[in-house]
Amino acid sequence: MSALRLARAFTARDRVIKFAGCYHGHADALLASAGSGVATLGLPSSPGVPTATTAHTIVCPYNDLDAAAAAVAQYGEGLAAVIVEPVAGNMGVVPPEPGFLEGLRTVCDASGALLVFDEVISGFRVARGGAQERYDVTPDLTILGKIVGGGLPLAAFGGRADVMDQLAPAGPVYQAGTLSGNPLATAAGISVLRRLRDPQVYDELERRGARLERGLSEHGPLEGGHVQRVGAMLTLFMTDGPIRDFEDVQRCDTERYGALFRHLLERGIYVAPSQFEAMFVSLAHGDDEIDRTVEAVGDFFGRA
């Protein structure tokens, strides 16, 4: 919400492009075609939101650069920002296709709109520098969530100095928060960031994520399961083909995923309860836990 307010003030424009299935919090203008809990509960995206608010939100399919470029061509003069999860995590894990993020950078540069990466999920999880480091695409603004506070309530956004200079108290764009600068959360966040300086952290996360992906993929193609992973983010979709956008996700068998969740929970394995979420591999998950999970998923597919 605050990042988009800043983008609108900096560009003196109103419109925003977002992508179907990406969730950016429950601010009014961003609930259009949202993922996460909105998709899980099957709710209309924006009841209770004034029509005039959503009128400034243009929704494009994720991974469809042609659609985004066409929208920029149509609305470019009034376009403040393009906001995107650089690795989608709120409709399950959907990686950006080659050229997608680079193309968004190009069309934003051409139109004067700001490129905003929502790295609330991907930040520090797919690389120390987030998805922008992994894919070598630099946005104008970056949004981070609880991970920046070591899991405690905290969030942050930052970006280009000339844009951030417009933010109060240096500039005229107001923002505030009850937990801003909370000493407990900031201390936890600093501790996590220090730990992440060690490159072995990401080498090990990649190895463990790949071990889980490899194990699940042995069972996935049987009976309609498909695994997608980026770094420490992973989803086992209940479908027999790759997922590239929200439309593909909506064709997945969510009831069967729910059955898998209950099957695993009965065996002491707690994964995301929704098909529209991601599994997060951490350094607390050793090879034994990963192999036990793979075995339990294999048992499910064997019975299903």
Please determine if Glu206 and Arg229 form a salt bridge, counting it only when a charged side-chain N lies under 4.0 Å from a carboxylate O.
yes
Indicate if Val148 and Phe280 have the same hydrophobic cluster label, given that clusters are the connected sets of ILVMFWY residues with side-chain heavy-atom separations under 4.5 angstrom.
no
For Glu102, I'd like to know if atom CD has over 12 heavy atoms of other residues, nucleotides or ligands within 6.0 Å.
yes
Could you pull out the closest heavy-atom pair between Val173 and Ala9, with the gap in Å?
CG2-CB, 3.4 Å
Sidechain-backbone polar pair: Thr254 side chain, Ser274 backbone, donor-acceptor under 3.5 Å:
no
When hydrophobic residues are tied together by side-chain contacts of less than 4.5 Å, even through go-betweens, does Leu144 share a cluster with Val201?
yes
For residues 103-151, pull every pair meeting ring-ring contact (aromatic ring centres under 6.0 Å, His included), keeping only residues two or more places apart or in separate chains.
none
Quick one: does any side-chain atom of Thr293 pair with a main-chain N or O of Glu289 as donor and acceptor, under 3.5 Å?
yes
Between the main-chain N or O of His263 and the side-chain N or O of Arg267, is there a donor-acceptor pair closer than 3.5 Å?
yes
Would you indicate whether Asp162, at its atom CG, is surrounded by more than 12 heavy atoms from other residues, nucleotides or ligands within a distance under 6.0 Å?
yes
Treating Gln228 as the side-chain partner and Thr235 as the backbone partner, does any N or O pair qualify as donor plus acceptor under 3.5 Å?
no
Under 4.0 Å between a Lys/Arg side-chain N and an Asp/Glu carboxylate O for Glu218 and Arg214?
no
In this structure, CG of Leu79 is separated from CZ of Arg8 (nearest 0.5 Å) by 10.0 Å
Looking at every heavy atom in both Ala131 and Val126, which two are closest together, and how far apart are they?
N-CG2, 3.5 Å
In Arg292, Arg208, Arg207, the residue satisfying side chain to side chain donor-acceptor pair (under 3.5 Å) with Asp287 is Arg207
Counting neighbours of CE on Met1 that are heavy atoms of other residues, nucleotides or ligands and sit closer than 6.0 Å, is the number greater than 12?
no
Donor-acceptor check, side chain of Glu119 to backbone of Gln132, threshold 3.5 angstrom: yes or no?
yes
Check: Arg194 and Ile190 side chains under 4.5 Å, non-hydrogen atoms
yes
Heavy-atom distance under 4.5 Å between the side chains of Leu234 and Leu212, does that happen here?
yes
Residues Arg211, Asp291: salt bridge by 4.0 Å N-O rule
yes
Heavy-atom count around Arg195 CZ within 6.0 Å, excluding the residue itself: above 12?
no
For side-chain contact (heavy atoms from CB on, under 4.5 Å), just list the numbers for Glu277 and Asn90, CA-CA rounded to whole Å, side-chain angles, deciding distance to a tenth of an Å, and then say yes or no.
CA-CA 5 Å; Glu277 302 289 350; Asn90 283 296; 4.2 Å; yes
Under a 4.0 Å threshold between the charged nitrogen and the carboxylate oxygen, would Arg244 count as salt-bridged to Glu97?
yes
Could you see if Val93 belongs to whatever hydrophobic cluster contains Leu101? Use Ile, Leu, Val, Met, Phe, Trp, Tyr and a side-chain cutoff under 4.5 Å.
yes
Under 3.5 Å, side chain of Arg128 to main-chain N/O of Pro199, donor-acceptor pair present?
no
With heavy-atom distances below 4.5 Å as the criterion, would you say the side chains of Ile143 and Val120 are in contact?
yes
Give the minimum heavy-atom separation between Met164 and Leu141, together with the two atoms involved.
SD-CD2, 3.9 Å
If the threshold is 4.0 Å, N to carboxylate O, is there a salt bridge linking Asp240 and Arg251?
no
I'd like to check Met91 versus Gln250 (side-chain heavy atoms, cut-off strictly below 4.5 Å). Are they in contact?
no
Between Gln74 and Ala71 (side chain of the first, backbone of the second, donor and acceptor by atom type, cut-off under 3.5 Å), is there such a pair?
no
Roughly how far apart are Ile83 CD1 and Leu4 CG, rounded to 0.5 Å?
4.5 Å
ring-ring contact (aromatic ring centres under 6.0 Å, His included): pairs with one or both residues in residues 156-194, sequence neighbours excluded
none
Are Lys18 and Val84 side-chain neighbours, meaning at least one heavy-atom pair lies under 4.5 Å?
no
Does any part of the side chain of Val271, heavy atoms only, come nearer than 4.5 Å to the side chain of Phe261, both counted from C-beta?
yes
Criterion side-chain contact (heavy atoms from CB on, under 4.5 Å) on Phe300 and Leu264, from CA distance to verdict
CA-CA 8 Å; Phe300 172 82; Leu264 294 177; 6.0 Å; no
Exercise: identify the closest heavy-atom pair between Val72 and Ser111:
CG1-CB, 3.6 Å
Show the nearest heavy-atom pair for residues Cys252 and Ile243, with the distance to one decimal.
SG-CD1, 3.9 Å
In terms of hydrophobic clustering (I, L, V, M, F, W, Y; side-chain heavy atoms under 4.5 Å; direct or indirect links), are Tyr270 and Leu216 co-clustered?
yes
Counting only N and O atoms by type, is there a donor-acceptor contact under 3.5 Å from the side chain of His285 to the main-chain atoms of Ile290?
no
Under a 3.5 Å distance rule, please check whether Gln275 uses its side chain to pair with a backbone N or O of Met238 as donor and acceptor.
yes
OG (Ser282) and CZ (Arg125) are apart, to the nearest 0.5 Å, by 9.5 Å
Under 4.5 Å between any side-chain heavy atoms of Asp245 and Val94, yes or no?
no
Is a donor on one side and an acceptor on the other found under 3.5 Å between the side chain of Arg134 and the backbone of Ala127?
no
Test side-chain contact (heavy atoms from CB on, under 4.5 Å) applied to Asp140 and Leu6, Val82, Leu114, Val116, the passing residue:
Leu114
Which distance, rounded to the nearest 0.5 Å, do you find between the CG of Leu265 and the CZ of Arg262?
10.0 Å
Same cluster or not: Phe19 versus Val230, using hydrophobic residues (I, L, V, M, F, W, Y) connected whenever any side-chain heavy atoms lie under 4.5 Å apart?
yes
Out of curiosity, Asp165 CG to Phe10 CZ, how far, rounded to the nearest 0.5 Å?
9.5 Å
Side-chain contact test, heavy atoms from C-beta onward, threshold under 4.5 Å: evaluate it for Asp248 versus Phe237 and give yes or no.
no
Should the heavy atoms of other residues, nucleotides or ligands under 6.0 Å from CD of Glu247 be counted, would the total exceed 12?
no
Out of curiosity, Leu205 CG to Gln200 CD, how far, rounded to the nearest 0.5 Å?
12.0 Å
I'd like to know whether Asp253 forms a side-chain contact (heavy atoms from CB on, under 4.5 Å) with Thr239, so could you lay out the CA-CA distance, the side-chain angles of the two residues, the decisive distance to 0.1 Å, and finally the verdict.
CA-CA 7 Å; Asp253 188 341; Thr239 185; over 6 Å; no
Which atom pair, heavy atoms only, marks the closest approach of Ala185 to Leu154?
CB-CB, 4.0 Å
